[in-house]
Amino acid sequence: MHNEELWQRYMGEISKVSNLNELQTIKVKFLGKKGEVTLALKNLKDLPPELRPEAGQKINTLKRLIEEDLEKREQELLQRALDEKLSKEAIDVTLPGYSLKLGKLHPLTQVQHRIVEIFTSMGFSVATGPEIEKDYYNFEALNLPKDHPARDMQDSFYITEEVLLRTHTSPVQVRVMEKYAPNLPIKIISPGKVYRRDDDATHSPMFAQCEGLAVDRNIRFSDLKGVLLTFIKELFGPKTKMRLRPSYFPFTEPSAEVDISCVICGGLGCKVCKGSGWLEILGAGMVHPRVLEMAGYDSSMVTGFAFGMGLERIAMLLYGIDDLRLFYDNDIRFLQMF
Amino acid sequence: MNISYNWLQEFCEIPYAARELGEKLTSVGIAVEKVTYLGNYEKVVVGEVLEVENLPGTELFKAKVSTGKEIFEVITGAKNVFAGFKYPFALPGAKLANGVTIEERRIRGVVSRGMLLSAEELGLLERKGAEPGLMLLPQEAPVGEKIEKVLELDDYLLELDLTPNRGDCLSVLGVAREVAALTGHRLKLAEPELPRVNGRCPVKITIENPELCGRYMGIVIENVKVGPSPLWLEQRLRKAGIRPINNIVDVTNYILLEYGQPLHAFDLDKLATPEIIIRNAREGEKIITLDGVERELAPEMLVIADREKPIAVAGIMGGQNTEVDDNTKTVFIEAAWFNPVSVRKTARKLGLRTDASQRFEKNVDIEGIKRALIKAALMICELCGGTIRGQYEDVYPKKFTPKVIAVSLSKAEEFLGISLDAKQVVEILESLGFTVTVGEKKIFVEVPSYRPDVSLEADIYEEIARYLGYNNFPDTMPIGITTSGFSPEYNFEYKVKNLLTALGMQEIITYSFINPDSYAKLGLSVDEVLAKSVVLLNPLSIEQSVMRTTLLPGLLDIAKRNENRQQESLLLFEMGNVFEKSGEDLPKETKLIGGIALGYSRGDWYNKPRKYDFYYVKGILESFFTSLGINNFSFAAAKDLPFLHPGKAARVYLENTEIGYLGELHPLVQKKYEFKNTPIVFELNYDLLKILIPVETKYTPLSPYPEVKRDIALLVDRETPAATCIEVIKGLAINTLKNIEIFDVYEGEKLGPNKKSIAISLTFSSTEKTLSEEEINNFIAQILNALEAKTGAKLRNF
Ligand SMILES: [Zn+2]
């Protein structure tokens with residue numbers, strides 16, 4: 001009965017404990033060197049020897065019960081204390097993180113990259129060339145002899161009579177063909193800056209182009225269509241339709257203007273497509289036999305296609321930009337939108 | 001070129017409405033930009049003036065106008081309002097083509113119901129030299145008839161955007177040929193015949209330069225009466241945008257529009273003798289052209305001359321000295337073929353482009369000249385009351401011989417990627433005016449004189465393709481060897497740009513041409529820079545006249561522009577070419593990376609914004625290099641860059657190659673640009689950088705033994721660069737010294753004047769053993785001795 005009373009007393013006191021210190025005090029009081037349970041164990045020796053085993057067993061059971069209970073309570077208190085501490089440390093997770101400033105690529109670079117990615121995946125590799133070109137590469141080798149009326153289509157910036165700022169990236173194509181002829185195949189794209197003597201709301205004296213060229217023994221007009229259609233669907237989405245209109249470029253024959261179904265209205269007609277449902281985005285054609293010959297290919301054996309597009313125009317359509325001048329104004333608020 | 005739909009119908013039956021025709025023409029490459037209905041008038045009719053009286057006390061007239069059904073009283077200020085004549089009349093509530101509506105108005109107390117109209121008020125070109133006033137309608141115009149019927153404005157205008165190869169379509173006939181091919185209907189082209197006339201042409205024609213004038217025809221018509229043309233003729237010209245002048249000139253313009261053949265009428269009595277000489281201009285010769293401008297001629301220009309003087313610039317414009325005027329009695333009509341390149345050059349040089357020159361430049365149909373001349377002669381006889389004197393004269397030194405192109409259909413199929421039906425191909429070509437002979441393996445296509453743009457097999461492929469319809473072709477992929485498309489150069493450039501953005505820099509793109517003044521602003525000698533610069537011959541403005549030799553002006557301009565727009569945190573870079581004279585055919589182009597930091601790093605609610613300074617940008621460059629695998633970069637003070645702060649500027653080296661600079665903008669340059677904050681700028685030579693990048697990185701084993709770190713603080717002269725201390729330590733080549741890092745720099749009074757302290761952390765480690773305390777101490781002693789010997793550095797005692 002003595003043990004039972006001890007247990008009751010322990011329970012009475014321990015139930016009032018609210019922190020680890022108090023728990024420690026109770027622990028000492030019952031289990032310490034001079035604690036009640038310890039004393040009871042010590043007092044066993046005063047009992048007659050025949051009673052000692054049973055009494056000893058009981059008191060040891062009590063000791064174990066108290067130890068287990070204390071252990072359990074201690075864990076609970078530790079947990080509670082930790083919970084309290086952590087809850088005090090809580091922060092406002094909705095505050096913004098420390099600013100790590102990132103820059104962005106110019107939207108024209110981004111659009112150029114998208115185009116490059118699509119064509120490199122179709123086996124076209126990137127070729128580049130000088131921005132200041134010889135008249136020969138910019139015009140003559142592209143079947144545009146001096147005094148050709150089509151030279152009026154591209155008013156140029158001249159350095160000397162024979163040197164000018166390239167008006168398109170086509171001279172890169174000529175240089176590549178010259179370098180590789182008569183080897184085959186050639187499949188390149190040439191993105192880069194070009195210059196024309198024009199400055200108004202819809203023309204910038206410097207702008208960006210990406211042109212492409214495929215030359216091989218078996219290039220067909222239908223291949224031009226297939227490659228462009230693949231490109232257009234990759235860039236503008238799988239539902240985009242393509243339309244070709246016969247046109248004229250001195251360096252291709254046949255030549256075509258390439259339209260896509262309007263990315264704004266889907267072809268129903270809107271302000272951007274001037275109600276037609278179509279947007280002009282590309283010029284293309286089969287490489288003119290004279291261009292192939294001048295570059296060193298036998299045009300009776302070798303054919304090719306070429307195409308070219310203005311990057312500003314494509315960026316404007318992709319992003320819904322309505323003013324060409326924004327690209328070269330370089331307002332960082334504009335640049336960081338993309 | 002604007003073409004009337006009704007006029008086209010005279011040449012070919014058209015089963016399509018105007019807009020549909022526009023789409024069809026566009027689909028075969030004759031681009032129709034716009035189709036406009038011309039008769040957008042409401043309640044505008046033919047009005048007959050019955051009575052006219054002066055409105056007392058004014059210069060106005062009160063007129064009674066009949067529309068056949070009703071009589072209206074209107075007030076008009078026009079002086080040419082007469083009873084018994086017919087004019088365009090706007091009924092009350094009428095709507096004009098420009099959208100203006102006419103209402104009843106009260107003028108000087110009198111109600112004016114409706115309005116008598118001038119040509120201008122109808123939106124039409126006035127006849128040249130006409131007195132201002134109402135538009136007089138012919139007597140036979142039915143009273144009350146809608147004005148669009150009488151003026152032939154119940155019509156559509158097709159606005160063509162022609163490609164330069166299709167000069168043949170600069171005429172109604174040319175477009176009609178395409179329409180005929182489109183519709184499959186016959187082209188109705190009559191060959192006019194001259195009545196039987198006796199005698200030779202009274203004018204003698206001599207071509208001195210047959211290269212520039214391949215054919216010259218002329219005819220004389222006498223007893224003409226110069227005056228206004230009939231309304232229908234004037235209206236045809238007006239619809240095409242040509243101002244009526246007089247019946248003679250109007251007929252020549254009519255033929256130009258209809259056949260694409262420019263004609264010119266001379267007043268024969270104004271020629272010195274009845275002789276026409278087509279020759280090159282003489283040195284110093286001048287002519288006053290019809291527009292009243294005196295033109296200086298050059299020997300390469302072709303002129304039409306009489307015995308004494310030039311009377312026209314061939315193919316471009318006539319001279320005032322032989323102009324047809326109201327008193328002209330005898331005209332000589334010219335129809336010719338002039339060399340396109342020559343006309344183009346002359347027109348360019350004179351700065352004079354005319355309807356005629358535009359057509360000659362694009363090659364007129366040398367075989368169509370006679371048709372044009374005879375039709376013009378007949379019209380002049382009919383409309384101006386003249387009679388033809390003698391036969392026409394025809395000097396034709398460059399007789400046309402048609403080209404014949406052999407076309408292999410199987411090759412065409414290979415080229416186009418579509419199978420062809422021989423019969424259909426022949427039909428297409430014949431409908432376009434080609435003459436086709438079918439051979440065994442090839443067809444032989446004879447090209448008509450009006451299609452000089454067709455000369456190769458590929459040109460015939462195009463003719464076939466555009467009529468088969470480009471959109472009816474299959475979409476295929478090229479067959480043949482697979483190519484990889486891998487583009488390492490491009491990829492590396494893209495990686496470099498991306499790396500810079502990851503380091504916080506925003507990419508910009510600026511014009512490659514700059515203002516030469518920019519160099520003065522940078523404190524550079526403009527003359528010196530320009531001496532090696534590439535300069536544009538024909539810039540749009542001085543601001544865009546010189547190809548840049550540095551990216552700096554562009555960076556500064558854009559930074560300034562953004563600072564003006566309250567953007568205070570700017571970290572910008574540009575990657576682009578600069579240009580320099582090279583002594584070779586083409587200038588040297590070098591790709592640079594330029595950057596600018598201006599203002600403050602963007603702070604947040606915890607971190608204060610930090611002002612961009614030299615070390616901020618240097619840190620970016622160091623991370624940039626390290627990310628690219630470059631470890632052998634170094635920076636050395638540069639006092640001699642005029643646009644940089646002499647004490648805050650450095651040259652950047654990879655190995656021992658200088659690849660750029662970094663520094664704070666010179667305060668004087670900063671002032672010129674009116675920057676609020678101080679820009680830090682850099683430029684790196686990308687072309688050098690990319691070749692100096694180590695090709696591959698080698699693995700070095702990690703040491704299993706502990707690393708030992710020792711910190712030393714050195715007391716050195718203020719001027720001693722930290723890099724020198726590092727170099728001295730590196731120079732000892734202690735192979736267990738794995739890392740040297742500066743972790744603190746301090747200047748203060750207690751160090752003494754002109755002294756600073758540099759704290760360096762040294763990390764030692766061996767791959768073979770644990771380094772002993774003694775060994776480390778030896779290394780440290782070695783380092784300190786070397787430092788003291790080479791830089792006078794002393795170990796600082798705390
Ligand atoms: Zn649209």
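The analysis underlying the following values was restricted to heavy atoms, covering all of them including side chains, and did not include hydrogens, waters or symmetry mates.
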Participant: Looking at A:D329 and B:R565, is there a salt bridge between them, counting it only when a charged N and a carboxylate O are closer than 4.0 Å?
Facilitator: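 Yes, charged N to carboxylate O under 4.0 Å.
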Participant: Using non-hydrogen atoms only, which part of A:T303 is less than 4.5 Å away from chain B: side chain, backbone, both, or neither?
Facilitator: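 Side chain only.
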Participant: Does any backbone or side-chain atom of B:K497 lie under 4.5 Å from a heavy atom of chain A? Answer side chain, backbone, both or neither.
Facilitator: both
Participant: Given heavy-atom pairs under 4.5 angstrom as the criterion, report whether the side chain, backbone, both or neither of A:P96 touches chain B.
Facilitator: both
Participant: Do A:M122 and B:M477 come within less than 4.5 Å of each other through their side chains, counting heavy atoms only?
Facilitator: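 A side-chain contact exists here, since the closest heavy-atom pair is under 4.5 Å.
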Participant: Counting only non-hydrogen atoms closer than 4.5 Å, does A:N330 touch chain B with its backbone (N, CA, C, O), its side chain (CB onward), both, or neither?
Facilitator: both
Participant: Could you state the interatomic distance from CZ (A:R197) to CD (B:Q544), rounded to the nearest 0.5 Å?
Facilitator: 10.5 Å
Participant: CG of B:N165 to NE2 of A:H148: how many Å apart, nearest 0.5 Å?
Facilitator: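 Going from CG on B:N165 over to NE2 on A:H148, the span is 8.0 Å.
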Participant: Against chain A, work out which of B:L570, B:T510, B:T501 has the most heavy-atom pairs shorter than 4.5 Å and name it.
Facilitator: B:T501
Participant: Is it the backbone or the side chain of B:R602 that comes under 4.5 Å from a heavy atom of chain A, or both, or neither?
Facilitator: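 Both parts, heavy atoms under 4.5 Å.
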Participant: With a 4.5 angstrom heavy-atom cut-off, which part of B:I418 approaches chain A: side chain, backbone, both or neither?
Facilitator: neither
Participant: Using a cut-off of under 4.5 Å for heavy-atom pairs, which of A:P205, A:S299, A:A208, A:A256 has the most such pairs with chain B?
Facilitator: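 Most pairs with chain B among the choices: A:P205.
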Participant: Side-chain contact test, heavy atoms from C-beta onward, threshold under 4.5 Å: evaluate it for A:K193 versus B:N577 and give yes or no.
Facilitator: no
Participant: Chain A heavy atoms under 4.5 Å from B:S484: which part of the residue, side chain, backbone, both or neither?
Facilitator: backbone
Participant: Should B:D453 and A:Y248 count as side-chain neighbours, where that means a heavy-atom distance under 4.5 Å?
Facilitator: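 No, their side chains stay 4.5 Å or more apart.
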Participant: So which atom in A:P289 and which in B:L456 form the shortest heavy-atom distance, rounded to 0.1 Å?
Facilitator: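 Looks like CG-CD1, 4.0 Å.
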Participant: Just wondering, do A:L105 and B:N498 contact through their side chains at under 4.5 Å, heavy atoms?
Facilitator: yes
Participant: What part of B:P340 gets closer than 4.5 Å to chain A, counting heavy atoms only: side chain, backbone, both or neither?
Facilitator: neither
Participant: Where on A:L228 is there a heavy atom nearer than 4.5 Å to chain B: the side chain, the backbone, both, or neither?
Facilitator: neither
Participant: Checking heavy atoms, do the side chain of A:R217, its backbone, both or neither come under 4.5 Å from chain B?
Facilitator: neither
Participant: I want to check something: taking the side chain as every heavy atom from C-beta on, are B:I509 and A:M206 in contact at a cut-off of under 4.5 Å?
Facilitator: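 Yes. Closest side-chain heavy atoms under 4.5 Å.
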Participant: Mind ranking B:Y494, B:Y606, B:F573 by heavy-atom pairs under 4.5 Å with chain A and telling me who comes out on top?
Facilitator: B:Y494
Participant: Sort out for me which of B:M505, B:R466, B:E457 touches chain A most, counting heavy-atom pairs under 4.5 Å.
Facilitator: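 Top count of heavy-atom pairs under 4.5 Å with chain A: B:M505.
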Participant: A quick test of your reading: do over 12 heavy atoms of other residues, nucleotides or ligands sit less than 6.0 Å from CD of B:E413?
Facilitator: yes
Participant: Given a strict heavy-atom distance threshold of 4.5 Å, which part of B:L572 is in contact with chain A: side chain, backbone, both, or neither?
Facilitator: side chain
Participant: With heavy-atom distances below 4.5 Å as the criterion, would you say the side chains of A:I132 and B:E589 are in contact?
Facilitator: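 A:I132 reaches B:E589 side chain to side chain.
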Participant: Taking every non-hydrogen pair under 4.5 Å, which of B:D459, B:L162, B:V341, B:N491 racks up the most with chain A?
Facilitator: B:D459
Participant: We want to know whether A:T109 and B:E507 form a side-chain donor-acceptor pair, criterion being a heavy-atom distance below 3.5 angstrom.
Facilitator: yes
Participant: Out of curiosity, A:K187 NZ to B:I481 CD1, how far, rounded to the nearest 0.5 Å?
Facilitator: 9.5 Å
Participant: Taking it one step at a time, do B:Y490 and A:Q112 satisfy side chain to side chain contact (heavy atoms under 4.5 Å, CB included)?
Facilitator: CA-CA 11 Å; B:Y490 171 84; A:Q112 175 183 302; 3.5 Å; yes
Participant: Between chain B and each of A:I219, A:L229, A:V116, count heavy-atom pairs under 4.5 Å; write down the option with the most.
Facilitator: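 The residue among A:I219, A:L229, A:V116 with the greatest pair count is A:V116.
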Participant: At a heavy-atom separation under 4.5 Å, does B:S512 approach chain A through its side chain, its backbone, both, or neither?
Facilitator: both
Participant: For the residue pair B:E462 and A:S247, what are the closest heavy atoms and their distance?
Facilitator: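 It is OE2-O, 3.5 Å.
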Participant: Around atom CG of A:L100, are there more than 12 heavy atoms of other residues, nucleotides or ligands at under 6.0 Å?
Facilitator: no
Participant: At a 4.5 Å cut-off on heavy atoms, which part of B:L536 comes close to chain A: side chain, backbone, both, or neither?
Facilitator: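 Contact with chain A is through both the backbone and side chain of B:L536.
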Participant: Who among B:S601, B:A458, B:G554 has the most heavy-atom pairs with chain A under 4.5 Å?
Facilitator: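 Ranked by heavy-atom pairs under 4.5 Å with chain A, first place is B:A458.
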Participant: Please classify the contact between A:A214 and chain B as side chain, backbone, both or neither, with a heavy-atom cut-off of under 4.5 Å.
Facilitator: neither
Participant: Which answer fits A:L164, side chain, backbone, both or neither, if we ask what part of it has an atom under 4.5 Å from a heavy atom of chain B?
Facilitator: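 Neither part, no heavy atoms under 4.5 Å.
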Participant: What part of B:M547 lies closer than 4.5 angstrom to a heavy atom of chain A: side chain, backbone, both or neither?
Facilitator: side chain
Participant: For chain A, which candidate among B:P474, B:G167, B:G480 shows the most heavy-atom pairs at distances under 4.5 Å?
Facilitator: B:P474
Participant: Mind listing the closest non-hydrogen atom pair of A:S222 and B:G417 along with its distance?
Facilitator: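 In this case the closest contact between A:S222 and B:G417 is OG-CA, 3.5 Å.
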Participant: When only pairs under 4.5 Å are counted, which of A:Y158, A:F305, A:F327 shares the most heavy-atom pairs with chain B?
Facilitator: A:Y158
Participant: With only heavy atoms counted, which part of A:V163 is less than 4.5 Å from chain B, the side chain, the backbone, both or neither?
Facilitator: side chain
Participant: For the interface with chain B, which of A:P185, A:A127, A:S255 has the highest count of heavy-atom pairs at distances below 4.5 Å?
Facilitator: A:S255
Participant: Rounded to the nearest 0.5 Å, how far apart are CG of A:L335 and CG of B:N562?
Facilitator: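 Separation between the atoms: 7.5 Å.
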Participant: Ignoring hydrogens and angles, state whether a donor on the side chain of A:S204 or B:Y511 is under 3.5 Å from an acceptor on the partner side chain.
Facilitator: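 Present: a donor and an acceptor within the cut-off.
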Participant: Using every non-hydrogen atom in the two residues, find where B:F473 and A:K225 come nearest and quote the distance to one decimal.
Facilitator: O-NZ, 2.8 Å
Participant: Verify the ring-centre separation between A:F221 and B:Y461: is it less than 6.0 angstrom?
Facilitator: no
Participant: Indicate whether the side chain of B:S569 and that of A:K101 have a donor and an acceptor atom separated by less than 3.5 Å.
Facilitator: yes
Participant: Which pair of non-hydrogen atoms, one from B:D604 and one from A:S99, has the smallest distance, and what is that distance?
Facilitator: OD2-N, 2.8 Å
Participant: Which heavy atom in B:G485 sits nearest to a heavy atom in A:T120, and how many Å separate them?
Facilitator: O-CG2, 3.2 Å
Participant: What's the separation between atom CD in A:E133 and atom CG in B:L586, rounded to the nearest 0.5 Å?
Facilitator: 6.0 Å
Participant: Side chains of B:N471 and A:R243: does their closest heavy-atom pair fall under 4.5 Å?
Facilitator: yes
Participant: Select, from A:T160, A:D216, A:L108, the one with the greatest count of heavy-atom pairs under 4.5 Å involving chain B.
Facilitator: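 The option with the most such pairs is A:T160.
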Participant: Rounded to the nearest 0.5 Å, how far apart are CG of B:L537 and OG of A:S156?
Facilitator: 11.5 Å
Participant: When only pairs under 4.5 Å are counted, which of A:Y195, A:F157, A:F119 shares the most heavy-atom pairs with chain B?
Facilitator: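 Max contact count across the listed options: A:F157.
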Participant: Would you say that B:D585 contacts A:E162 through its side chain, given a criterion of any heavy-atom pair below 4.5 Å between the two side chains?
Facilitator: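 No. Closest side-chain heavy atoms not under 4.5 Å.
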Participant: Please walk me through it: do B:K411 and A:S300 pass side chain to side chain contact (heavy atoms under 4.5 Å, CB included)?
Facilitator: CA-CA 9 Å; B:K411 259 192 85 183; A:S300 67; 4.1 Å; yes
Participant: For atom NZ of B:K34, decide whether the heavy atoms of other residues, nucleotides or ligands shown that lie under 6.0 angstrom number more than 12.
Facilitator: no
